[in-house]
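Quick notes on the structure that follows.
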Amino acid sequence: MGQNVLEINDLSVKYKVYEGVLDVIPDLSLYVQEGERVGLVGETGSGKTTVLKASAAILGNTPAIVNKKELKVCGLSIDGIRGKKNVRKNVSMIFQDPSTSLNPTLKIQTQMLDILKSQFPKKSKGFYHEMMMRALKSVSMPAPERVLDSYPIQLSGGMRQRVCISMALMKNTKIIIADEPTTALDVTIEEQILELIDDLVKKEKKSLILVSHALGTVRKITDRLYVMYAGQIVESGLTKDIFDNPHHPYTIGLIDATPKLTGNGIADGIAGDIPSYLNPPKGCRFAPRCPRATQICREQAPVLEKMEGSVDRFVSCHNLEVSEKPVVSSLT
Amino acid sequence: MKEGLIYVFKRFIHILIILLVLSFIVFSFIRLIPGDPVKSTLGPLASEESVNRMTHELYLDRPLVVQYGHWLKNVVTQGDFGKSLLTSRPVSLDIKEYLPRSLELCFLSALMILVFGVLFGTISAVFRNTWIDNVIRFLTYLGVVTPPYAFGVLFLLIFSYLLKWFPIGGLPRFSPENVRTGMLSIDALLMGNFSLFIKVLQSYFLPCLSLAIGSIAYQARIHRSAMVENVNADFIAFAEVAGVSKSKLIFKHLMKPSFIPTLTVYGLQVASLLGNAFIIESMFRINGFSQYSLNVILNKDPYGIVAVTFIFGVIFAVVNLCIDIGVVALDPRIRLKGAE
Ligand SMILES: Nc1ncnc2c1ncn2[C@@H]1O[C@H](COP(=O)(O)OP(=O)(O)OP(=O)(O)O)[C@@H](O)[C@H]1O
Ligand SMILES: [Mg+2]
C-alpha cells in the first residue's frame, strides 16, 4: 500500500429532476490506495453508481449538480482539461448494465477501434485487429471474429458484458472501477472474470473499486469495504473486520440479508425502503428503518467517526454502545 | 447488408400496393362527386351528341373498374394521365410543365431543413442549458408557431423591398429551347451559364426559406432533444471513460443514434413541403405544381385530380422510402428485425 490513487473529500451530488432536486449524496469522503481492492456495497438506489461516476468525471452529462472540496485522481484534481485528461489516463470503468453501455448503432469492431485509436494513434490495421482479438480472448469470448463484426443487439447479455469488460480493460489504467461487473454472467464465467480482474490488480499493482450485490464475492476479493446507505457511508473498514463484526445496524441487516450457504433461503433482511431523496429525513437517514432508532436519531444526523483502537474502522451511528450486545447475529 | 436490402425491398412492395389502393380510391371518389364534368366543361348549350361522344372518349360510360384499368394501363405504359378538362390538354403535359419547378423549390427547402435544422439542433445540444441554447430554443419556438406566409411577407418586405437583395418574386425566364429538365437551376447549369444559375438560386432563396423555416425550427428542436437524450445514455459515458476522442464522441457515437428520430421527423417534414407550397408559390409568383393542383381540385377536373393525387402519393412514397433506407442504414435494430 502507499499513496492514494483516488481521494474524495466532502462530495455532494444532487440530481435536478422534474419533481425537484434529489439530494442523493449529501457529504461523502472516500479514498483508495495504490494496489488496494476496495468494495462498495449498499442496497439498490443507495448512490453507488453515482459515486463511481463522479470519480470517473462523467456526471457532467447527467442532470447532476456536483459540489466537492476535493476529488483527486492520482494526486491531481479532476477539474479542468488537464484533470480530465488525467482521469481518462488513469481510470477505466466497467458499467453496471451491459445492455445500455454499448452504442446500439455501431459495430463492436468500430467501438473498440475508436478506443484503441485514441490510445495508439496511427498503427496498422493488423495491429488493431490483434489488440481487439487479444482483448476479447482475455475474457474467454467464444467466436471473437464474429463478435467483432456484430452489433450489440446481436449478442447475448453475457456476451455484451464480456465485450464491455474487455473494452474497459483495453486501456491500461491504474484504477479499475467495476460497477457490478458480473451480474449478467453465469457462475463459472463470473469466477473467471473476477479472477481476471483480480490477477490484473495483483500483478500490475492496480487499484480496484468493486460494487457488487454478491457479498460473498466482495468478501473474497476486496481488502477494504465501504457500506453505503441512502447516499452516505455508514460504515467502513477492513473487509474482514466488517464481515466478522459489523457495527452499524444497516450493515448487520445487509449481511444478514444475504443467502447463506448453510441456511435455508434468504434471511429477513431489513424491512422498508430507502427514503425519498426529494425530502430525506433530517436526522439519520436510516432512522425510519432502524431497530435501534431513538429520539436523537430522528433529530440529528450522526457523523462518521473512527472507532477507538481500530484499524481504519469508521461507523456513523448514535447508538453504537448497544451494538456490543449484538442485536442480530450474523454469519454464524 | 443483405438484411438491409431485404427490408428495403419489402418496403418497396408495400409502397406499390399502397399507391395502387390510393389511386383506385381517389379514382372512385372522383366519380362520386356531384356534377357532370363533361357537361360543365362543354357548357349548358352543348348538344347531347357531343356530350355523349366526350363521355365515351373519356371512358366515363364504362364500369368503374374498367375505367380504372384503362387509366392505369395508360399511366404505366405511356405516362398518360388522361386529358385535363381545365386546360384541354393532356394532364401529363401540365405536370411536366409545373412539377419540376415545385420539386426544385421543395428540394432546396429540404436541403435547408436538413442542414440548418441539424446545425442549430447540434449547437443547441452541445451548449445545452447555456444562453446559446436558450436563444436557439426561443427562436425555434417562434419559428414553429409562425405560419410560413408570415415569413414570406416579412422577407419580401425586408430583403426584397427595402434592402433589394433579392427579386420581389418571380423566376428568371428561359427560352423554350433551353428548357430541358424544367428545373431552372439544372437547366442553367446545362447551358453553362453560371451567372444565370446564381440568379436562379437568388430567386429561389426567399421562397425556399419561407417554406422551410418552420420545419428548420421544428427539426432543430427534435435534433436537440434526440442528442440531449443520448448524451445522458450510458454508452456515451462508457465510450468517454474508455477514451474515445471528444470529436468522435460527438460526431459519431452521439450523432449516429440521434439521427434516427431526426430522420424520421425529417421525412414527414419533407413529404409535406409540396402540399404546403401553394401559398408560397402564389406569394412569390412561382407558377408551380401546388397551385396547379389547387386549380384542378377547385374545378373538379377528374383526370387532373387523380393525377395530382397520384403524384403526391408517389412523392410521399419515394420520400418515405428514402427515409426508410436512411433509418435502416443507421439503425441495425430495425434492419435485423425487419428482415425476419
Ligand atoms: N441521471 C440521473 N438523473 C436523475 N436521477 C438519477 C440519475 N442517476 C441516478 N439517479 C438517482 O440517484 C439515486 C442513486 O442512484 P444510483 O444509480 O447511484 O444508485 P445505485 O446504488 O448504483 O443503485 P443500483 O444498485 O440499483 O445500481 C437514485 O434514486 C436514482 O434515481
Ligand atoms: Mg448502480
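Proteins get letters first, then strands, A, B, ... in listed order; numbering begins at 1 in each.
- Of the two parts of B:Ala237, the backbone and the side chain both hold a non-hydrogen atom closer than 4.5 Å to a non-hydrogen atom of chain A.
- Counting non-hydrogen atoms of other residues, nucleotides and ligands closer than 6.0 Å to CD of B:Glu229 gives a total of 12 or fewer.
- With A:Thr100 contributing its side chain and B:Asp234 its backbone, the two residues share no donor-acceptor pair below 3.5 Å.
- By the neighbour-count criterion of 12 heavy atoms within 6.0 Å, atom CZ of B:Phe312 is densely surrounded, having more than that number from other residues, nucleotides or ligands.
- Looking at heavy atoms from C-beta onward, B:Glu240 lies in side-chain contact with A:Lys84 at the 4.5 angstrom threshold.
- Both the backbone and the side chain of A:Ile115 have a heavy atom closer than 4.5 Å to some heavy atom of chain B.
- Looking at B:Lys248, only its side chain comes within 4.5 Å of chain A, counting heavy atoms on both sides.
- Other residues, nucleotides and ligands contribute over 12 non-hydrogen atoms within 6.0 Å of the OH atom of A:Tyr31.
- Remark: B:Phe9 CZ is loosely packed, at most 12 non-hydrogen atoms of other residues, nucleotides or ligands lying under 6.0 Å away.
- Residue B:Phe235 forms a side chain to side chain contact (heavy atoms under 4.5 Å, CB included) with just one option from A:Pro152, A:Pro104, A:Cys164, A:Ser99, and that option is A:Pro104.
- The 12-atom threshold is exceeded at CD1 of B:Ile13, counting heavy atoms of other residues, nucleotides or ligands nearer than 6.0 Å.
- More than 12 heavy atoms of other residues, nucleotides or ligands shown are found within 6.0 angstrom of OH on A:Tyr277.
- Only the side chain of A:Lys53 comes within contact range of chain B, with heavy atoms under 4.5 Å apart.
- At a 4.5 Å heavy-atom cutoff, B:Leu249 makes no contact with chain A through either its backbone or its side chain.
- Contact count versus chain B (heavy atoms, under 4.5 Å) is highest, among A:Ser101, A:Ala168, A:Ser118, for A:Ser101.
- Residue B:Lys252 forms a side chain to side chain contact (heavy atoms under 4.5 Å, CB included) with just one option from A:Thr105, A:Asn103, A:Thr110, and that option is A:Thr110.
- Shown here for A:Met93 and B:Phe238, the closest heavy-atom pair between the two residues is O-CE1, 3.4 Å.
- Residue A:Lys174 places its NZ atom among 12 or fewer non-hydrogen atoms of other residues, nucleotides or ligands, all under 6.0 Å distant.
- Taking chain B as the reference chain and counting heavy-atom pairs below 4.5 Å, the highest number among A:Ile58, A:Asp114, A:Ile153 is found for A:Asp114.
- In the displayed structure, B:Phe116 atom CZ is contacted under 6.0 Å by at most 12 heavy atoms of other residues, nucleotides or ligands.
- At a 4.5 Å heavy-atom cutoff, B:Ala239 makes no contact with chain A through either its backbone or its side chain.
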